Amino acid sequence: MAIAKGKDLEAKNLLPSFPPSIHIVIPEICYVEALSRWEKEEYYVQEFEKELDKQINNSKRDLTSPMHKYL
């Protein structure tokens with residue numbers, strides 16, 4: 001998962017350095033689990049962004065909010 005998301009910095013060096021005689025095999029269940037997790041993370045990010053936008057819009061309407069002067 002870290003390699004797919006680009007968070008494993010050493011993977012850039014590790015993956016191309018394998019000799020041609022070595023093949024990496026990912027069991028199907030691992031692939032499906034990784035895909036499922038990826039979709040959940042995307043959903044959580046979208047929900048977070050929606051909630052953040054909602055809070056920003058609410059604070060813009062609330063003139064008594066101390067945050068209003070910063071927006």
Side-chain angles (χ1 to χ4, degrees):
M1 190 72 163
I3 292 172
K5 292 172 72 175
K7 292 186 176 182
D8 188 342
L9 301 178
E10 294 179 13
K12 290 180 183 178
N13 298 329
L14 174 67
L15 295 177
S17 66
F18 280 120
S21 61
I22 296 178
H23 299 280
I24 298 176
V25 178
I26 301 172
E28 186 175 327
I29 190 69
C30 295
Y31 177 77
V32 171
E33 181 64 27
L35 184 58
S36 173
R37 183 67 191 145
W38 183 283
E39 290 172 346
K40 285 180 185 176
E41 286 186 26
E42 282 295 311
Y43 171 79
Y44 293 141
V45 166
Q46 290 173 1
E47 289 300 307
F48 175 76
E49 289 175 350
K50 285 181 194 175
E51 184 63 27
L52 190 59
D53 286 341
K54 189 167 95 174
Q55 294 295 329
I56 289 171
N57 288 334
N58 286 341
S59 68
K60 286 179 179 179
R61 287 193 301 258
D62 181 9
L63 298 178
T64 62
S65 171
M67 289 301 295
H68 182 71
K69 62 183 175 185
Y70 299 111
L71 301 175

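The structure presented is a predicted model; accordingly, all values stated were derived computationally and were not measured.
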*If you draw a 6.0 Å radius around CD in Glu28, do more than 12 non-hydrogen atoms from other residues or ligands fall strictly inside?*
no
*Salt-bridge test for Glu41 and Arg37: reply yes if a basic N is under 4.0 Å from a carboxylate O, no otherwise.*
yes
*asked:* Please report the interatomic distance CD1(Ile56) to NZ(Lys54), rounded to the nearest 0.5 Å.
replied: 13.0 Å
